[in-house]
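This one's a predicted model, so the numbers in the text were calculated from it and none came from an experiment.
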Amino acid sequence: MTAPSARFLLDCGATALQALKREGLAANDLDAIFLSHLHGDHFAGLPFLFLTWIFETPRHRPLALVGPPGTEARVKELYRAMYKDLAARPLPFVLRCTEVQPGVRTPIGRVDLLPFRVPHQETEISLGLRVQVDGRTILYSGDTGWTEELVVQSQGTDLFICECCFYETRVDFHLDYPRIAANHHRFGCRRLILTHLGSEVLAHRAEITLELAHEGLVVEL
């Protein structure tokens with residue numbers, strides 16, 4: 001996400017660095033990375049960014065890393081598992097890790113963050129993220145099953161980025177398209193984009209009327 005006063009990622013999957021390079025975006029321009037939860041497909045790209053900032057384009061200014069409880073330890077464990085020798089050395093920049101609690105509004109630089117708990121994991125905390133910066137508000141569901149909190153938090157937002165993993169399948173820890181479509185009129189967002197699209201959703205693409213994300217999609221607010 002690029003705003004006049006901040007540039008940040010919402011989650012950082014294993015291909016995040018590749019995507020930044022493909023779109024001609026400089027990783028060094030990032031001010032912050034917000035993690036919704038600590039599953040590999042949402043944070044496993046961090047060690048590759050660390051390597052870039054050590055060897056390719058050295059980073060010296062601080063980076064804000066924000067996530068649920070346990071984020072700092074988990075990120076360090078992942079880095080050690082992937083690059084043991086490098087992880088034994090200090091990073092060349094300050095990594096400011098902030099672990100946020102659901103329902104506690106937290107300022108991160110110029111970004112106003114409101115995290116809220118969503119049903120995805122049995123024990124660890126998964127977060128939806130409501131982000132406000134420079135007069136625009138974005139809601140990011142992260143990975144979640146259905147919760148009325150999505151309706152509440154979507155009110156007055158400019159963009160709602162909502163996961164949509166399934167079509168026929170219905171589970172308590174991911175969303176399906178029919179349930180999203182049935183509640184579409186209740187969301188108070190200016191624009192809704194579905195992401196985290198599973199094979200069932202892609203197979204029914206011709207039947208879907210809501211907007212689907214795709215690689216390289218650029219959204220201006």
Residues which pass side chain to side chain donor-acceptor pair (under 3.5 Å) with His204, listed by chain and number, not counting sequence neighbours: Glu168, Glu207
Is there a donor-acceptor pair under 3.5 Å between the side chain of Thr157 and the backbone N or O of Thr137? no
Between atom CG of Leu51 and atom CG of Leu49, what is the distance when rounded to the nearest 0.5 Å? 9.5 Å
Report yes or no: does Arg96 contribute a side-chain atom to a donor-acceptor pair with the main-chain N or O of Pro62 at less than 3.5 Å? no
Which residues satisfy the side chain to side chain donor-acceptor pair (under 3.5 Å) test with Glu122, sequence neighbours excluded? none
The test is side-chain contact (heavy atoms from CB on, under 4.5 Å); show your working for Val111 and Val66 and say whether it passes. CA-CA 11 Å; Val111 177; Val66 184; over 6 Å; no
Between Cys164 and Asp176, what is the shortest heavy-atom contact and its length? SG-C, 4.2 Å
Tell me every residue that passes salt bridge (charged side-chain N to carboxylate O under 4.0 Å, His left out) with Arg7, counting only those two or more places apart in sequence or in another chain. Asp29
Do side-chain atoms of Glu163 reach the backbone of His174 as a donor and acceptor pair under 3.5 angstrom? no
Just by modelled atom types, is the Thr169 backbone N or O under 3.5 Å from a matching donor or acceptor in the Glu200 side chain? yes
So, using side chain to side chain donor-acceptor pair (under 3.5 Å) as the criterion, who are the partners of Glu211 when residues are at least two apart? Arg191
Rounded to the nearest 0.5 Å, what separation is found between the OG1 atom of Thr144 and the CZ atom of Phe173? 11.5 Å
Indicate if Ile180 and Ile138 have the same hydrophobic cluster label, given that clusters are the connected sets of ILVMFWY residues with side-chain heavy-atom separations under 4.5 angstrom. no
Full working for side-chain contact (heavy atoms from CB on, under 4.5 Å) between Leu91 and Phe50: CA-CA 8 Å; Leu91 291 168; Phe50 294 166; 4.2 Å; yes
Going by side chain to side chain donor-acceptor pair (under 3.5 Å), name the residues that satisfy it together with His42, two or more places apart in sequence or in a different chain. Asp11, Asp143
Tyr167 and Ile208 have their tightest heavy-atom pair at CE1-CG1, 4.1 Å
Measure across Ala6 and Asp31 and return the closest heavy-atom pair with its distance rounded to 0.1 Å. CA-OD2, 3.3 Å
By salt bridge (charged side-chain N to carboxylate O under 4.0 Å, His left out) - contacts of Asp112 (at least two apart): Arg105
Where Leu63 and Ala32 come nearest, the two heavy atoms and their spacing: CD1-N, 3.9 Å
Donor-acceptor pair, Asn183 side chain versus Arg186 backbone, under 3.5 Å? no
Test Ser126 against every option in His120, Gln121, His37 by the side chain to side chain donor-acceptor pair (under 3.5 Å) rule and name the one that passes. Gln121
Quick check against the 3.5 Å criterion: does Thr195 have a side-chain atom that pairs as donor or acceptor with the backbone of Ile193? no
Any idea which heavy atoms bring Glu99 and Thr71 closest together, and the distance? OE2-N, 3.2 Å
Closest heavy-atom pair, Val118 versus Leu127, reported as atoms and distance to 0.1 Å, is CG2-C, 3.8 Å
For the backbone of Arg117 and the side chain of Glu149, can you confirm whether one donor and one acceptor N or O come within less than 3.5 Å of each other? no
Side-chain (Arg130) to main-chain (Gln153) donor-acceptor, under 3.5 angstrom: yes
Candidate pair Leu197 and Tyr177, rule side-chain contact (heavy atoms from CB on, under 4.5 Å), full reasoning: CA-CA 10 Å; Leu197 308 174; Tyr177 180 77; over 6 Å; no
dist Tyr83:OH -> Ile54:CD1 (nearest 0.5 Å) comes out at 10.0 Å
If only atom types and distance count, is the side chain of Arg61 paired as donor or acceptor with the main-chain N or O of Asn28 below 3.5 Å? yes
Test side-chain contact (heavy atoms from CB on, under 4.5 Å) on Phe166 and Leu175; report intermediate values, then the result. CA-CA 6 Å; Phe166 295 113; Leu175 288 174; over 6 Å; no
Looking at side-chain heavy atoms only, is the closest gap between Phe160 and Ser141 below 4.5 Å? yes
